[in-house]
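To keep things clear, I will list the structure first and then write my remarks on it.
The analysis underlying the following values was restricted to heavy atoms, covering all of them including side chains, and did not include hydrogens, waters or symmetry mates. Quick caveat, the model's predicted, so the values are computed rather than measured.
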Amino acid sequence: QLQLVESGGGSVQAGGSLRLSCAVSNGYISNSYCMGWFRQAPGKEREVVATLGSDGNTIFPNSTEGRFTISTDHAKNVLYLQMNRLKPEDTAMYYCAAEWVGWLSAKACASRAYDYWGQGTQVTVSS
């Protein structure tokens, strides 16, 4: 069973950057997986912040478009989320997720429920 462990969270001032990592074990990241990053702030529903599809394309909601990037290092079996120009509203617990799909576009991956989840890493952005 795939295991995901996030790291890289922390506290940063508005305008700063963080890079989150998601180390994958008991399996290998490939384009057979949908991969995504999600976040959940206290009192709010979980929301997707970045999606990577089998086609190599990425999708971001308006809230993170142009500031966040999602990428993988297949050699290290790690999924990354680079977050730039952070805002206080980005404060949340961040989770990585994966689902074996065979092959799906990023657009299709964006609506998947995902089978495997990490335990989360906290990001706090102060103004």
Is a side-chain donor or acceptor of [X] paired with a backbone partner of [Y] at a separation under 3.5 angstrom?
X	Y	answer
Asn77	Ala23	no
Asn31	Gly56	no
Thr124	Ser11	no
Thr72	His74	no
Asn26	Gln1	yes
Thr51	Cys109	no

| query | Going through the distances and angles, do Thr69 and Thr58 end up as a side chain to side chain contact (heavy atoms under 4.5 Å, CB included)? | reply | CA-CA 8 Å; Thr69 57; Thr58 56; over 6 Å; no
| message | Quick one, Tyr116 with Glu99, criterion side chain to side chain contact (heavy atoms under 4.5 Å, CB included). Give me CA distance, side-chain angles, the key distance, then yes/no. | response | CA-CA 6 Å; Tyr116 304 104; Glu99 182 183 359; 5.8 Å; no
When rounded to the nearest 0.5 angstrom, what is the spacing between [atom1] in [X] and [atom2] in [Y]?
X	Y	atom1	atom2	value
Leu104	Ser54	CG	OG	5.5 Å
Ile70	Leu79	CD1	CG	4.5 Å
Ser30	Trp100	OG	CH2	8.5 Å
Phe60	Leu52	CZ	CG	8.5 Å
Leu20	Cys96	CG	SG	9.0 Å
Ser126	Gln13	OG	CD	5.0 Å

Considering only distance and modelled atom types, tabulate donor-acceptor pairs under 3.5 Å from the side chains of residues 83-94, sequence neighbours left out.
unit_1 : atom_1 : unit_2 : atom_2 : d
Asn84  : OD1    : Ser17  : OG     : 3.0
Asn84  : OD1    : Gln82  : NE2    : 2.9
Arg85  : NH2    : Gly66  : O      : 3.1
Asp90  : OD1    : Arg39  : NH1    : 2.8
Asp90  : OD1    : Arg67  : NH2    : 3.0
Asp90  : OD2    : Arg67  : NH1    : 2.7
Asp90  : OD2    : Arg67  : NH2    : 3.4
Asp90  : OD2    : Lys87  : N      : 2.7
Thr91  : OG1    : Pro88  : O      : 2.9
Thr91  : OG1    : Val125 : N      : 2.9
Thr91  : OG1    : Val125 : O      : 3.4
Tyr94  : OH     : Arg39  : NH1    : 2.9
Tyr94  : OH     : Asp90  : O      : 2.6

Any link between [X] and [Y] through a network of hydrophobic side chains (Ile, Leu, Val, Met, Phe, Trp, Tyr) touching at under 4.5 Å?
X	Y	value
Leu4	Val48	no
Ile29	Val101	no
Trp37	Val78	no

Residue pair [X] / [Y], side-chain heavy-atom distance below 4.5 Å:
X	Y	value
Asp55	Trp103	yes
Glu47	Gln40	no
Gln119	Val5	yes
Ser63	Val49	no
Tyr33	Leu2	yes

| request: Find out whether the Lys NZ or Arg CZ of Arg46 is both under 6.0 angstrom from the six-membered ring centre of Trp117 and within 45° of the ring's axis. | output: yes
| said: Working note: Asp73 + Tyr80, criterion side chain to side chain contact (heavy atoms under 4.5 Å, CB included); need CA distance, chi angles, decisive distance, verdict. | reply: CA-CA 8 Å; Asp73 184 327; Tyr80 296 106; 3.7 Å; yes
| Shortest non-hydrogen contact from Leu81 toward Ala50 | CD1-CB, 3.8 Å
| message | I'd like to know whether Tyr114 forms a side chain to side chain contact (heavy atoms under 4.5 Å, CB included) with Phe38, so could you lay out the CA-CA distance, the side-chain angles of the two residues, the decisive distance to 0.1 Å, and finally the verdict. | response | CA-CA 11 Å; Tyr114 291 83; Phe38 295 76; 3.6 Å; yes
